[in-house]
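Worksheet: one structure, shown below.
Values reported hereafter were calculated over all heavy atoms of this structure, with side chains retained and with hydrogens, waters and symmetry mates removed. So that the names make sense, note that chain A is the first sequence line, chain B the second, and so on, each numbered from 1.
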Number of protein chains: 2
Amino acid sequence: MSFEERKKTRVTLVDVARQANVSRATASLVLRKSPLVGSETRMRVEQAMRDLGYVYNIGAARLRVERSQIIGAIVPNLTNPFFAELLSGIEEVIGATGKVVILANSGDQVERQEMLLRRMREHGVDGVILCPAARTESALSDQIADWGMPVVQVLRHISLGLDYVGVDYAAGMRQAVDYLASLGHEKIAFAVLGPIHSAYQERVDGFRDAMLSRNLDPRILIHFPTQLGEIANATHLLFDQATRPTAVICFNHIVALGLSAGLHDRGLTIGRDLSLVGFDDVADAEAIRPKLTSVATGPVAIGEMAARLLVERIGNPDLPPRRVVNDTTLHIRQSCGRPG
Amino acid sequence: MSFEERKKTRVTLVDVARQANVSRATASLVLRKSPLVGSETRMRVEQAMRDLGYVYNIGAARLRVERSQIIGAIVPNLTNPFFAELLSGIEEVIGATGKVVILANSGDQVERQEMLLRRMREHGVDGVILCPAARTESALSDQIADWGMPVVQVLRHISLGLDYVGVDYAAGMRQAVDYLASLGHEKIAFAVLGPIHSAYQERVDGFRDAMLSRNLDPRILIHFPTQLGEIANATHLLFDQATRPTAVICFNHIVALGLSAGLHDRGLTIGRDLSLVGFDDVADAEAIRPKLTSVATGPVAIGEMAARLLVERIGNPDLPPRRVVNDTTLHIRQSCGRPG
DNA sequence: GAAACATTTTAGATCGATCTAAGTGCAGGA
DNA sequence: TCCTGCACTTAGATCGATCTAAAATGTTTC
């Protein structure tokens, strides 16, 4: 079929109306399941739609009503399974409401994020779920308000003026610290990585507070490279410290995986020579050996909740800003023991 | 700002035109960087756009020209990091062309896939990258041709009539078998999982052919559950066979991860007691210990290539169907040894 | 000075839906 | 018979861009 024919073949409401012997307006009412049309007419129109293979043109409708049925999702890193799970939750809930998700990857770069937001506005998205790139200025929130665009922040936040769905990172850190302390650990390190953003800060602050409240030294903060492969090779950083830790809390599952591998390479036994607590608890935690004791943050549920909030906000833009902060769960597995 | 005000505030080309003292048509020409407008006029219009905070309305434009600048991507499972990497490649290339990706998850269900395709047509996507759900009938390809919708199949194929970007699974299996055979293995099992589709079939056939061409018994095909957690518990299946294998090739990284864990649980040393070869080679392969020898299929590159083919096809729908079949690479690490 | 030409600009139709306001029958009541 | 009300149905304007064909303007040539 050539381009010309295809174009000619394209079925619109007018074609349906002609075929069913009604007006455009009536066909449109049938489309929207209005109770106004008579049942005989309705059936005739529906038959005509089937016969002609009519496909609704959301784009055309959007011009009239201000609903594109598209929402945007911007995440800093698609290849991280954590964000993939988040997306999965978003897609599921949004898909169930008949809307569609435009996906974009900011690469944690503010300028790219800016470009993506503009592109999404050009596409007339009904709203955006945004995990703000590191170093995003809180002024972005004012712009978003100017635009009148419904936005839900996930996992990281830049402003109290926008909805936020996240995790009680501080409580998660407390759970990890408390657990390790209960095993007798006193020299606990926090292995961090990546750029600084609210989720980073909350974890670091949570760690410090939890350590201080037990009179433990909260200063063993060790920065690792961001690439998984390089973390294992940087494991020595753990032992270059003034006080050598007996336990390590990991910033996320990537650090945990990397350290788990690196410790193995050094012939150390996790849980005996050094205790390890992970964060995020993606599938890997169950799959590596020893199984990783880990603070679960439930990315899928966060995605679902963010999507639900966004749908609500789109329906009612004047709602006051809400914050949903999920609890974490400590999954105790095999990677921790008493200090040697 | 209330809803009403916002609506009133919305800036259109007419507003820009009025502000710049030109006509709608001229403003439109500036927008599209036409060489027809004089430079003084162009500057005046651009200034007006900036002053008013004009945002292009792609949806409105789409009504006139048949280009939505949206493409769709349908994958069977979002939480699988393999598909997340695929998507990442797609998003990068598509994003670079100024288009946008609608993401959808078929859950490997044909009816859901059907619904998603319709939804994408309603949104007027310019094309779709489809990893067909298992049991998709090849008749779908005829429908797609009827619709005149550009489609690229990735990783799995249902029809020779559509573009396809995938992996030479058979060659990958041969690499794995040859490598294990070169170490002296003769009893090699293939640990599979999930529903049957072209990629499954090609791997199974490739395994059989590779085994047969070395006069080895190709019949040790073991089915595992699909959930990562359950695979480890089902490791015993490896030893319930008539002939106990000395090496196992894994269908994908999930099986590899599960078995790696399960073997560890049974006190077996991978590479000594049993050799393991993975498939897909996502980040985990480097991260588990022993490091997993694995056949790399390069999901990001596949996504990029699929996106490139789709863009080409959209530009030129009359191209004959193309197939791009990437080579695999065997990454030899630590999970294989000589048979005990 | 007018014709011929190139360069810019524009009015009006158009894409495919929705919305408003008005129109058509038809039954029942005065 | 005429009016009112009810149940449907519809013409025409509209959303915000693009496209076509023509008009306005400026420039050169004879």
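- Listed by residue number, there are no residues of residues 33-46 of chain B with a heavy-atom contact under 4.0 Å to DNA chain D.
- Ion pairing of A:E91 with B:R112 is present here, as a side-chain N (NZ or NE/NH1/NH2) and a carboxylate O approach within less than 4.0 Å.
- No more than 12 heavy atoms of other residues, nucleotides or ligands sit less than 6.0 Å from atom CE of B:M305.
- Boundaries of the chain A contact region on DNA chain D are D:dC8 to D:dG16, first to last in 5' to 3' order (nucleotide atom under 4.0 Å from a heavy atom).
- Taking a 6.0 Å sphere around CZ of A:R323, one finds it holds more than 12 heavy atoms contributed by other residues, nucleotides or ligands.
- End-to-end axis angle of the helix from C:dG1-D:dC30 to C:dA30-D:dT1, from C1' rotation axes over five pairs per end: 70° (rounded to 10 degrees).
- Partner of B:Y164 under the side-chain contact (heavy atoms from CB on, under 4.5 Å) criterion, chosen from B:V324, B:V325, B:V152: B:V325.
- Residue contacts shown for A:L29 include a base, since a base heavy atom lies under 4.0 Å away.
- Counting only distance, with no hydrogens or angles, the side chain of A:R44 and the backbone of A:A20 share a donor-acceptor pair below 3.5 Å.
- No side-chain N or O of B:S138 forms a donor-acceptor pair with one of B:S141 less than 3.5 Å apart.
- Residues of residues 18-27 of chain B having a heavy atom closer than 4.0 Å to DNA chain D, listed by number: B:R24, B:A25.
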Run the side-chain hydrogen bond (donor to acceptor under 3.5 Å, both in side chains) test on A:D51 and A:Q47 for me, step by step, so that the C-alpha distance in whole Å, both residues' side-chain angles and the decisive distance to 0.1 Å come before the verdict. CA-CA 6 Å; A:D51 290 349; A:Q47 189 58 49; 2.9 Å; yes
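- The residues B:R313 and B:D163 are annotated as salt-bridged, a charged nitrogen and a carboxylate oxygen being separated by less than 4.0 angstrom.
- Every salt bridge (Lys or Arg N to Asp or Glu O under 4.0 Å) that B:E312 has, sequence neighbours left out, goes to B:R322.
- Between the side chains of A:S28 and A:R24, not a single donor N or O lies within less than 3.5 Å of an accepting N or O.
- At a threshold of 4.0 angstrom between heavy atoms, the contacts of B:A60 include nucleobase atoms, whether or not backbone atoms are also involved.
- A salt bridge links B:E122 with B:R118; the closest basic N to acidic carboxylate O contact falls under 4.0 Å.
- Considering only residues two or more places apart in sequence or on other chains, A:H123 meets the ring-ring contact (aromatic ring centres under 6.0 Å, His included) condition with none of them.
- Side-chain contact of B:D108 with B:S106: a donor-acceptor pair under 3.5 Å is absent, judged by distance alone.
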